[in-house]
2 protein chains.
Amino acid sequence: MTTRFPRIGDVALAAGVSTATVSRVLSAPDRVSANTRVLVLKAIEETGYRVNHAARNLRRRQAGGIVVLVPNLANPFFSQILSGITFAMATSGHNVLIADTRKGPNAEHRILDYLHNNRADGLIVLDANLPEDVLSAGDTPNYHPPIVFACEWLDADPRPTVTIDNEAGARLAIRHLADLGHVRIGHLMGPSDNILTITRARGARAALAELGLPIRDDWFLDGDFSLASGAAAARAWLALDDRPTAVFCASDAMACGFIGELHHKGVRVPDEVSVVGFDDIEIAAHFVPSLTTVAQPRVLIGETAARKLLALIAQGRERESATDASEVLPVQLVARESSAPPR
Amino acid sequence: MTTRFPRIGDVALAAGVSTATVSRVLSAPDRVSANTRVLVLKAIEETGYRVNHAARNLRRRQAGGIVVLVPNLANPFFSQILSGITFAMATSGHNVLIADTRKGPNAEHRILDYLHNNRADGLIVLDANLPEDVLSAGDTPNYHPPIVFACEWLDADPRPTVTIDNEAGARLAIRHLADLGHVRIGHLMGPSDNILTITRARGARAALAELGLPIRDDWFLDGDFSLASGAAAARAWLALDDRPTAVFCASDAMACGFIGELHHKGVRVPDEVSVVGFDDIEIAAHFVPSLTTVAQPRVLIGETAARKLLALIAQGRERESATDASEVLPVQLVARESSAPPR
DNA sequence: TGCAGCGATGTAATCGATTGCAAGTGATGC
DNA sequence: GCATCACTTGCAATCGATTACATCGCTGCA
């Protein structure tokens, strides 16, 4: 507390140059001669100088950070995506703020705060099911920083997205079960208004149709991606008169909840019913039984979204505008113990 | 892009007052008369004004955010702690930056960046196993923002901590197993240099001693809190000539990995061995079998740590200094299927 | 009447870095 | 020998909000 932080002026003094030169060494080193550059760097070292980001951001008219909107931080599926994002952002010097859109009081208010209060230079949205007005580009468009959607997206929205091929993923799952010999295949879905739910269910239906297998509405169970909803679906499955011999779940969490609850009720997987998940979260390989699932390149999704956002931010500064909107990354089926031929 | 953001001056103009008054309405409303206050608020509404945080932070000589250092974001154990932290911080207007200390390239460098580069007004550290120098208070103490340790801590460090009673938690687990009739009890530990590993192992040893049960070094298995290390420990357990009939694992993740691997090898839990975990992560209740474990009040831990940090930050500004350092929160045993009387 | 005291408001300096513009230097070309 | 150009560097305005200090008007009391 006794000594102040060194300012850029202190460095300039120590190096015998102007503050402008010090600043250039920091943000445009090639605009400074090699000699003075080492001089300044030595002075920075000696004084222990650190840039004051508030001052830099003020002058540069930027926020210095981006915000990631996550529907549920507790879901381990997202953490690897975040990993990819922070990795890509670290090199650009942007802070990464993570906001859980569902948890905590007045979550919606917090998000609007991020959106409008120029706290962020850009947004990565992993939750497309936000209240209408929150993401509507219509009102006061100049107040909105650039947005990239990842994983989820809004259907007729022109903004860039980074997604996986959900229909293809669902097809992989259904075909895998069919290949094992299943002909009675059900699907445990996510929340009905969710784009992932829609596309995965569409893929599942399409695959069933192609294979000439029955598509029965009572075999399409409702869930919300959570463990608890998987358990609830297990009870619904047990209550069916005429049960499918295999269930494709739209998330690994639901698959785990489903299997866990069945186990409680004395039903064995895959002996009595095969289960396939979606996401390949870390525990999938360690579950009992280990979970057959559709794997997503999560780190890559995060990295790609981050890079896209950085490009948009840079564009905004140069007042250009042209980004090829969407990127669709591949998925992969990982076969494990939870799926087997029907009895 | 055409129109600039309204500045505080625009609001002042619209309300017919000075910028000082507008600023006061925003940050000290009672220093302004009720009349002008409504006038100013209306003007803010009309102009759509938002404070520029960079300018505010610059003038107030603060960073406007705190950083949370997490050892592994992918571990769902941490997300609820983060939930508590963000909740408490939202009301204070601080941004919350989350940094994974283990993942990504040059993680250490990133942390030092946070620490020294006045990006943060304070730190919450959930990972006490950082490189020595990173957290050493010795060098250039005035460069360090206040730090609160949560969950983990450094042993002879005077800085405030928010923890649980790890020894008591371990005792609960051991006693539970003993109550079920187990006399041959092992312990799967975390990384050897970790304070949680040390205290939990100490509690386990103490409980075994009190109960007059054998304490055998070959029954203390090595792990690192991860799923994979739990699986490895299962193989180690299988390789023992003389096995314990129950294993207390220092984390739920390891317990799941342990059980999963045993299942692969055809060993049933709890029939052939009972397992108790630690943490009570969400999946514990849904695992097969559901996991007996020691539950921590995670949201409370996060909230408490956040409040403590805010107090420290406020203190720093007033140049006082007096915070009662530590807070120890209670734990609770949750009995489920993975523990049962020995055969 | 005069003055202390208080509440409300305005004036202007300040936080610390960035950057447009201009000036200085030396090299190159004709 | 002079104009031109590239390259470095410095000067000083600027980003937008906060706040110490000054001012003003009013009340209440001696």
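Letters A, B, ... are given to chains in the order of the sequence lines, protein chains preceding strands, and every chain is numbered from 1. Values below: all heavy atoms of this structure, side chains included; hydrogens, waters and symmetry mates excluded.
For A:E152, there are no salt bridge (Lys or Arg N to Asp or Glu O under 4.0 Å) partners two or more places apart in sequence or in a different chain.
Residue order along DNA chain C, read from the 5' end via each residue's closest nucleotide, puts B:G16 first among A:S23 and B:G16. Residue-to-nucleotide proximity on DNA chain C shows that, of B:A55 and B:T36, the 5′-proximal contact is made by B:T36.
Residue A:V22 is out of contact with every strand shown, counting any heavy-atom pair closer than 4.0 Å. Residue B:S33 is classed as a sugar-phosphate contact, given heavy-atom separations below 4.0 Å to backbone atoms only. Within the nucleic acid shown, B:T21 comes within 4.0 Å of sugar-phosphate atoms alone, with no base atom in reach, counting heavy atoms only.
Rounded to the nearest 0.5 angstrom, A:R61 CZ and B:N52 CG are separated by 9.0 Å. Taking SG of A:C151 as the reference point, atom CD1 of A:I195 lies at 13.0 Å (rounded to 0.5 Å).
Rounded to an integer number of Å, the gap from CZ of A:R31 to P of D:dG10 is 14 Å. Between the P atom of D:dA17 and the CD1 atom of B:I44 lies a distance of 10 Å, rounded to the nearest Å. Protein atom NE2 of B:H53 is 9 Å distant from nucleotide atom P of D:dT18, rounded to whole Å. Regarding B:N52, its CG atom lies at a distance of 13 Å from the C1' atom of D:dT14, rounded to whole Å. Regarding A:L58, its CG atom lies at a distance of 17 Å from the P atom of D:dA13, rounded to whole Å.
Annotation: A:R7, atom CZ; neighbour count of heavy atoms from other residues, nucleotides and ligands within 6.0 Å does not exceed 12.
None of B:D100, B:L82, B:N75 except one satisfies the side-chain contact (heavy atoms from CB on, under 4.5 Å) rule with B:V70; the exception is B:L82.
Annotation: side chain of B:V32 is not in contact with side chain of B:V40 (no heavy-atom distance under 4.5 Å).
In this structure, the side chain of A:T47 engages the main chain of A:A43 through a donor-acceptor pair within 3.5 Å.
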Measure all distances between protein nitrogen or oxygen atoms and nitrogen or oxygen atoms of nucleotides 20-25 of chain D, and list the pairs falling under 3.5 Å.
none

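Close approach of DNA chain C to chain A, defined as any atom under 4.0 Å from a non-hydrogen atom of the protein, starts and stops at C:dG16 to C:dG20.
A donor-acceptor contact closer than 3.5 angstrom links the side chains of B:D127 and B:T101.
Here the shortest heavy-atom pairing between A:I147 and A:V125 reads CG2-CG2, 3.7 Å.
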